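Treat the numbers as computed from the prediction; the structure is a model and nothing was measured. Here is the naming used below: chain letters follow the sequence lines, and residue numbers restart at 1 for every chain.
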2 protein chains.
Amino acid sequence: MIGDRIKKRRLEKNMSISQLANKTGIVKSYLSSLERSLQKNPSIQILEKISHVLEIPLDSLLHDKASDSRSSSGSIDDEWLCLVREATNSGITKEQFQAFIDSKSNEKRKRPVERKDG
Amino acid sequence: MIGDRIKKRRLEKNMSISQLANKTGIVKSYLSSLERSLQKNPSIQILEKISHVLEIPLDSLLHDKASDSRSSSGSIDDEWLCLVREATNSGITKEQFQAFIDSKSNEKRKRPVERKDG
DNA sequence: GTTTTTTAATACGATCGCCTATCATGGGAA
DNA sequence: TTCCCATGATAGGCGATCGTATTAAAAAAC
(Lines give C-alpha, C1' and ligand atoms only; values in the text may rest on other atoms or scores of the structure.)
Protein backbone atom coordinates (compact mmCIF):
# COMPACT_ATOMS: atom_id res chain seq x y z
CA MET A 1 0.00 0.00 0.00
CA ILE A 2 0.97 3.57 -0.42
CA GLY A 3 1.74 3.96 3.27
CA ASP A 4 4.25 1.17 3.11
CA ARG A 5 5.98 2.77 0.16
CA ILE A 6 6.12 6.15 1.86
CA LYS A 7 7.69 4.61 4.94
CA LYS A 8 10.12 2.52 2.94
CA ARG A 9 11.30 5.49 0.93
CA ARG A 10 11.53 7.66 4.03
CA LEU A 11 13.81 5.12 5.66
CA GLU A 12 15.85 4.89 2.48
CA LYS A 13 16.42 8.61 2.82
CA ASN A 14 17.39 8.13 6.49
CA MET A 15 14.62 10.39 7.63
CA SER A 16 12.34 10.34 10.66
CA ILE A 17 8.65 11.14 10.58
CA SER A 18 9.40 14.40 12.36
CA GLN A 19 12.00 15.35 9.78
CA LEU A 20 9.65 14.51 6.94
CA ALA A 21 6.97 16.56 8.67
CA ASN A 22 9.28 19.55 8.93
CA LYS A 23 10.29 19.38 5.28
CA THR A 24 6.82 18.78 3.89
CA GLY A 25 4.81 20.93 6.23
CA ILE A 26 2.52 18.00 6.97
CA VAL A 27 1.94 17.18 10.62
CA LYS A 28 3.65 14.04 11.81
CA SER A 29 0.49 12.56 13.24
CA TYR A 30 -1.00 12.50 9.77
CA LEU A 31 2.20 11.10 8.25
CA SER A 32 2.16 8.40 10.89
CA SER A 33 -1.41 7.45 10.08
CA LEU A 34 -0.60 7.49 6.36
CA GLU A 35 2.36 5.17 6.83
CA ARG A 36 0.30 2.81 8.95
CA SER A 37 -2.46 2.93 6.32
CA LEU A 38 -4.99 4.29 8.76
CA GLN A 39 -5.39 7.00 6.14
CA LYS A 40 -5.53 5.61 2.63
CA ASN A 41 -6.75 8.40 0.37
CA PRO A 42 -4.64 11.52 0.75
CA SER A 43 -5.09 14.52 -1.42
CA ILE A 44 -2.88 15.25 -4.34
CA GLN A 45 -1.31 18.25 -2.63
CA ILE A 46 -0.27 16.09 0.30
CA LEU A 47 1.23 13.46 -1.98
CA GLU A 48 3.08 15.94 -4.12
CA LYS A 49 4.79 17.38 -1.07
CA ILE A 50 5.81 13.94 0.08
CA SER A 51 7.07 12.81 -3.31
CA HIS A 52 8.99 16.04 -3.75
CA VAL A 53 10.80 15.78 -0.42
CA LEU A 54 11.41 12.05 -0.80
CA GLU A 55 12.60 12.66 -4.36
CA ILE A 56 10.49 9.94 -5.90
CA PRO A 57 7.96 10.13 -8.75
CA LEU A 58 4.33 9.96 -7.76
CA ASP A 59 3.80 6.84 -9.80
CA SER A 60 6.45 5.04 -7.80
CA LEU A 61 4.71 5.96 -4.58
CA LEU A 62 1.35 4.90 -5.85
CA HIS A 63 2.27 1.61 -7.43
CA ASP A 64 4.72 -1.16 -6.86
CA LYS A 65 7.91 -0.84 -8.82
CA ALA A 66 10.50 -3.36 -9.85
CA SER A 67 12.43 -2.55 -6.73
CA ASP A 68 9.59 -3.88 -4.68
CA SER A 69 9.05 -7.53 -3.92
CA ARG A 70 6.83 -8.05 -6.94
CA SER A 71 9.01 -7.17 -9.84
CA SER A 72 8.12 -6.87 -13.50
CA SER A 73 4.61 -8.07 -12.91
CA GLY A 74 2.29 -5.39 -14.17
CA SER A 75 5.08 -2.87 -14.36
CA ILE A 76 6.92 -1.63 -17.36
CA ASP A 77 10.41 -2.99 -17.57
CA ASP A 78 13.16 -2.57 -20.08
CA GLU A 79 11.85 -5.30 -22.34
CA TRP A 80 8.57 -3.48 -22.77
CA LEU A 81 10.38 -0.24 -23.49
CA CYS A 82 12.43 -2.00 -26.16
CA LEU A 83 9.27 -3.35 -27.76
CA VAL A 84 7.66 0.07 -27.74
CA ARG A 85 10.72 1.57 -29.41
CA GLU A 86 10.61 -1.17 -32.01
CA ALA A 87 6.93 -0.46 -32.58
CA THR A 88 7.41 3.27 -33.04
CA ASN A 89 10.39 2.62 -35.31
CA SER A 90 8.17 0.36 -37.41
CA GLY A 91 5.70 3.18 -37.82
CA ILE A 92 3.02 1.73 -35.58
CA THR A 93 0.80 4.43 -34.15
CA LYS A 94 -0.78 4.72 -30.77
CA GLU A 95 -4.17 4.32 -32.37
CA GLN A 96 -3.12 1.02 -33.92
CA PHE A 97 -1.80 -0.17 -30.60
CA GLN A 98 -5.01 0.91 -28.88
CA ALA A 99 -7.01 -1.10 -31.41
CA PHE A 100 -4.78 -4.09 -30.80
CA ILE A 101 -5.34 -3.85 -27.06
CA ASP A 102 -9.07 -3.60 -27.56
CA SER A 103 -9.14 -6.60 -29.85
CA LYS A 104 -7.14 -8.69 -27.39
CA SER A 105 -9.39 -7.62 -24.54
CA ASN A 106 -12.45 -8.55 -26.56
CA GLU A 107 -10.95 -11.91 -27.43
CA LYS A 108 -10.48 -12.74 -23.81
CA ARG A 109 -14.02 -11.77 -22.97
CA LYS A 110 -15.67 -13.63 -25.80
CA ARG A 111 -13.89 -16.91 -25.45
CA PRO A 112 -12.68 -18.43 -22.21
CA VAL A 113 -9.08 -19.53 -22.44
CA GLU A 114 -9.04 -22.90 -24.09
CA ARG A 115 -7.71 -22.22 -27.51
CA LYS A 116 -4.22 -23.39 -27.98
CA ASP A 117 -2.96 -22.08 -31.22
CA GLY A 118 0.59 -21.24 -32.24
CA MET B 1 -4.31 24.32 -13.35
CA ILE B 2 -5.22 20.73 -13.05
CA GLY B 3 -8.83 21.40 -13.97
CA ASP B 4 -7.82 22.98 -17.25
CA ARG B 5 -5.71 19.96 -18.11
CA ILE B 6 -8.49 17.53 -17.23
CA LYS B 7 -10.89 19.40 -19.50
CA LYS B 8 -8.36 19.71 -22.30
CA ARG B 9 -7.60 16.01 -22.24
CA ARG B 10 -11.28 15.12 -21.97
CA LEU B 11 -12.01 17.12 -25.10
CA GLU B 12 -9.06 15.51 -26.83
CA LYS B 13 -10.71 12.18 -26.16
CA ASN B 14 -14.01 13.54 -27.52
CA MET B 15 -15.74 12.88 -24.25
CA SER B 16 -18.45 14.74 -22.37
CA ILE B 17 -18.50 15.29 -18.62
CA SER B 18 -21.34 12.81 -18.38
CA GLN B 19 -19.38 10.17 -20.29
CA LEU B 20 -16.31 10.73 -18.15
CA ALA B 21 -18.51 10.48 -15.07
CA ASN B 22 -19.90 7.15 -16.26
CA LYS B 23 -16.48 5.69 -16.94
CA THR B 24 -14.81 6.94 -13.78
CA GLY B 25 -17.68 6.53 -11.36
CA ILE B 26 -17.23 10.12 -10.25
CA VAL B 27 -20.33 12.31 -10.27
CA LYS B 28 -20.46 14.89 -13.05
CA SER B 29 -21.10 17.74 -10.67
CA TYR B 30 -17.76 17.10 -9.03
CA LEU B 31 -16.00 16.73 -12.39
CA SER B 32 -17.53 20.02 -13.47
CA SER B 33 -16.27 21.78 -10.37
CA LEU B 34 -12.85 20.22 -10.84
CA GLU B 35 -12.62 21.40 -14.44
CA ARG B 36 -13.67 24.90 -13.44
CA SER B 37 -11.13 24.83 -10.59
CA LEU B 38 -13.80 25.32 -7.97
CA GLN B 39 -12.30 22.17 -6.49
CA LYS B 40 -8.49 22.25 -6.54
CA ASN B 41 -7.35 19.43 -4.29
CA PRO B 42 -8.85 16.10 -5.25
CA SER B 43 -7.81 12.90 -3.64
CA ILE B 44 -5.43 10.50 -5.24
CA GLN B 45 -8.13 7.93 -5.86
CA ILE B 46 -10.20 10.45 -7.78
CA LEU B 47 -7.21 11.49 -9.89
CA GLU B 48 -6.16 7.94 -10.63
CA LYS B 49 -9.60 7.14 -11.97
CA ILE B 50 -9.54 10.21 -14.17
CA SER B 51 -6.03 9.62 -15.47
CA HIS B 52 -6.85 5.98 -16.16
CA VAL B 53 -9.95 6.75 -18.22
CA LEU B 54 -8.35 9.68 -20.00
CA GLU B 55 -5.28 7.52 -20.63
CA ILE B 56 -2.79 10.06 -19.43
CA PRO B 57 -0.14 9.74 -16.74
CA LEU B 58 -0.78 11.51 -13.47
CA ASP B 59 2.27 13.70 -13.89
CA SER B 60 0.91 15.06 -17.13
CA LEU B 61 -2.34 15.94 -15.45
CA LEU B 62 -0.62 17.58 -12.55
CA HIS B 63 1.94 19.60 -14.45
CA ASP B 64 2.27 21.20 -17.81
CA LYS B 65 3.99 18.80 -20.17
CA ALA B 66 6.30 21.40 -21.53
CA SER B 67 7.72 22.22 -18.17
CA ASP B 68 7.99 18.70 -16.91
CA SER B 69 8.24 16.13 -19.61
CA ARG B 70 11.58 14.98 -20.99
CA SER B 71 9.99 13.34 -23.93
CA SER B 72 11.06 14.27 -27.39
CA SER B 73 9.96 13.18 -30.79
CA GLY B 74 10.93 9.62 -31.50
CA SER B 75 11.22 8.64 -27.89
CA ILE B 76 8.60 7.06 -25.73
CA ASP B 77 6.21 9.60 -24.33
CA ASP B 78 3.65 9.37 -21.60
CA GLU B 79 0.83 8.27 -23.85
CA TRP B 80 2.80 5.23 -24.95
CA LEU B 81 3.54 4.33 -21.34
CA CYS B 82 -0.15 4.63 -20.60
CA LEU B 83 -1.03 2.28 -23.42
CA VAL B 84 1.57 -0.23 -22.29
CA ARG B 85 0.12 -0.22 -18.80
CA GLU B 86 -3.30 -0.78 -20.26
CA ALA B 87 -1.93 -3.66 -22.30
CA THR B 88 -0.26 -5.35 -19.35
CA ASN B 89 -3.38 -4.84 -17.28
CA SER B 90 -5.34 -6.59 -19.99
CA GLY B 91 -3.04 -9.56 -19.77
CA ILE B 92 -1.24 -8.98 -23.05
CA THR B 93 2.21 -10.48 -23.04
CA LYS B 94 5.40 -9.24 -24.61
CA GLU B 95 5.29 -12.16 -27.01
CA GLN B 96 1.85 -11.12 -28.21
CA PHE B 97 3.04 -7.57 -28.63
CA GLN B 98 6.12 -8.74 -30.50
CA ALA B 99 3.89 -10.76 -32.83
CA PHE B 100 1.73 -7.74 -33.39
CA ILE B 101 4.73 -5.63 -34.28
CA ASP B 102 6.02 -8.28 -36.66
CA SER B 103 2.66 -8.56 -38.36
CA LYS B 104 2.45 -4.83 -38.81
CA SER B 105 5.99 -4.67 -40.13
CA ASN B 106 5.24 -7.45 -42.58
CA GLU B 107 2.12 -5.66 -43.72
CA LYS B 108 4.11 -2.60 -44.54
CA ARG B 109 6.75 -4.62 -46.38
CA LYS B 110 4.26 -6.60 -48.44
CA ARG B 111 2.54 -3.54 -49.75
CA PRO B 112 4.92 -1.50 -51.80
CA VAL B 113 4.86 2.15 -51.06
CA GLU B 114 2.69 3.85 -53.59
CA ARG B 115 2.35 7.12 -51.88
CA LYS B 116 4.84 9.65 -52.99
CA ASP B 117 4.75 12.39 -50.51
CA GLY B 118 7.39 14.80 -49.40
C1' DG C 1 21.14 6.21 37.02
C1' DT C 2 18.63 10.36 35.76
C1' DT C 3 17.21 13.81 32.64
C1' DT C 4 16.48 15.47 28.13
C1' DT C 5 15.52 14.83 23.47
C1' DT C 6 13.73 12.35 19.74
C1' DT C 7 10.50 9.36 17.83
C1' DA C 8 6.03 7.58 16.88
C1' DA C 9 1.29 6.89 18.33
C1' DT C 10 -3.45 8.37 19.95
C1' DA C 11 -7.78 11.22 20.73
C1' DC C 12 -10.55 14.70 19.09
C1' DG C 13 -12.46 18.51 16.19
C1' DA C 14 -12.97 21.78 12.05
C1' DT C 15 -12.81 22.29 7.32
C1' DC C 16 -13.31 20.50 2.95
C1' DG C 17 -13.92 16.70 -0.56
C1' DC C 18 -17.35 14.54 -3.01
C1' DC C 19 -21.85 13.04 -2.93
C1' DT C 20 -27.33 13.60 -4.02
C1' DA C 21 -30.81 16.33 -5.97
C1' DT C 22 -32.15 19.74 -8.95
C1' DC C 23 -32.04 23.46 -12.52
C1' DA C 24 -31.12 25.81 -17.16
C1' DT C 25 -30.11 25.29 -21.91
C1' DG C 26 -29.72 23.36 -26.56
C1' DG C 27 -30.43 19.79 -30.06
C1' DG C 28 -33.08 16.12 -32.16
C1' DA C 29 -37.37 13.41 -32.79
C1' DA C 30 -42.41 13.12 -33.01
C1' DT D 1 -44.60 23.30 -31.40
C1' DT D 2 -43.81 20.03 -27.81
C1' DC D 3 -41.33 16.42 -25.61
C1' DC D 4 -37.20 13.90 -24.47
C1' DC D 5 -32.40 13.52 -23.78
C1' DA D 6 -27.75 15.10 -23.07
C1' DT D 7 -24.94 18.57 -21.29
C1' DG D 8 -23.04 21.42 -17.80
C1' DA D 9 -23.98 24.17 -13.65
C1' DT D 10 -25.70 25.06 -8.79
C1' DA D 11 -27.24 24.25 -3.82
C1' DG D 12 -26.95 21.74 0.23
C1' DG D 13 -25.13 18.17 3.35
C1' DC D 14 -22.50 14.08 5.21
C1' DG D 15 -18.36 11.78 6.06
C1' DA D 16 -13.34 11.91 5.44
C1' DT D 17 -9.07 14.49 5.51
C1' DC D 18 -5.79 16.74 8.06
C1' DG D 19 -5.02 19.67 11.65
C1' DT D 20 -3.99 20.55 17.21
C1' DA D 21 -2.87 18.69 21.56
C1' DT D 22 -1.25 15.11 24.22
C1' DT D 23 0.85 10.62 25.59
C1' DA D 24 4.25 6.75 25.64
C1' DA D 25 8.62 4.64 24.66
C1' DA D 26 13.36 4.59 23.20
C1' DA D 27 17.75 6.81 22.50
C1' DA D 28 21.10 10.28 23.66
C1' DA D 29 23.32 13.38 26.88
C1' DC D 30 24.99 14.38 31.46
Exercise. Take the protein atom CG of A/Asn14 and the nucleotide atom C1' of C/dT6, then report the distance between them rounded to whole Å.
Key: 16 Å
Self-check item: Main-chain N/O of A/Leu62 paired with A/Arg5 side-chain donor or acceptor, under 3.5 Å
Solution: yes
Quiz item: What is the distance, rounded to the nearest whole Å, between atom CG of B/Leu34 and atom P of C/dC16?
Solution: 16 Å
Quiz prompt | Those residues that, when tested against A/Ser16, pass side chain to side chain donor-acceptor pair (under 3.5 Å) (two or more places apart) | solution = A/Gln19
Self-check item: Straight-line distance of B/Asp4 CG to B/Ser37 OG, nearest 0.5 Å
Solution: 5.0 Å
Quiz item: Which pairs pass salt bridge (Lys or Arg N to Asp or Glu O under 4.0 Å) with one or both residues in residues 17-45 of chain B, sequence neighbours excluded?
Solution: B/Arg10-B/Glu35
Using a cutoff of under 3.5 Å, can you pull out all pairs of nitrogen or oxygen atoms linking the protein to nucleotides 8-11 of chain C, with atom names and distances?
{"from": "C/dA8", "atom 1": "OP2", "to": "A/Ile17", "atom 2": "N", "distance (Å)": "2.6"}
{"from": "C/dA9", "atom 1": "OP2", "to": "A/Ser32", "atom 2": "OG", "distance (Å)": "2.6"}
{"from": "C/dA9", "atom 1": "OP2", "to": "A/Arg36", "atom 2": "NE", "distance (Å)": "3.4"}
{"from": "C/dT10", "atom 1": "OP2", "to": "A/Arg36", "atom 2": "NH1", "distance (Å)": "2.7"}

Practice problem: Determine yes or no for a side-chain-to-main-chain donor-acceptor pair under 3.5 angstrom, with A/Asn41 supplying the side chain and B/Gln45 the backbone. | Solution: yes
Quiz item: Roughly how many Å is it from CG in A/Leu31 to P in D/dT20, rounded to a whole number?
Solution: 12 Å
Practice problem: Measure the distance from CD1 on B/Ile26 to P on C/dC19 and round it to the nearest whole Å. | Solution: 7 Å
Exercise. Give the nucleotide from the list C/dC19, D/dG19, C/dG17 with an atom nearest to the side chain of B/Gln39.
Key: C/dG17
Self-check item: Student check: side-chain heavy atoms of A/Ile56 and A/Ile50 closer than 4.5 Å
Solution: no
Practice problem: Tell me, please, which residues at least two apart from A/Ser29 pass side chain to side chain contact (heavy atoms under 4.5 Å, CB included). | Solution: A/Val27
Exercise. Among residues two or more places apart or on two chains, list those pairs meeting salt bridge (Lys or Arg N to Asp or Glu O under 4.0 Å) that have a residue in residues 42-58 of chain A.
Key: A/Lys13-A/Glu55
Quiz item: Which parts of residues 40-48 of chain A get close to DNA chain D, meaning a heavy atom less than 4.0 angstrom away?
Solution: A/Asn41, A/Pro42, A/Ser43, A/Ile46
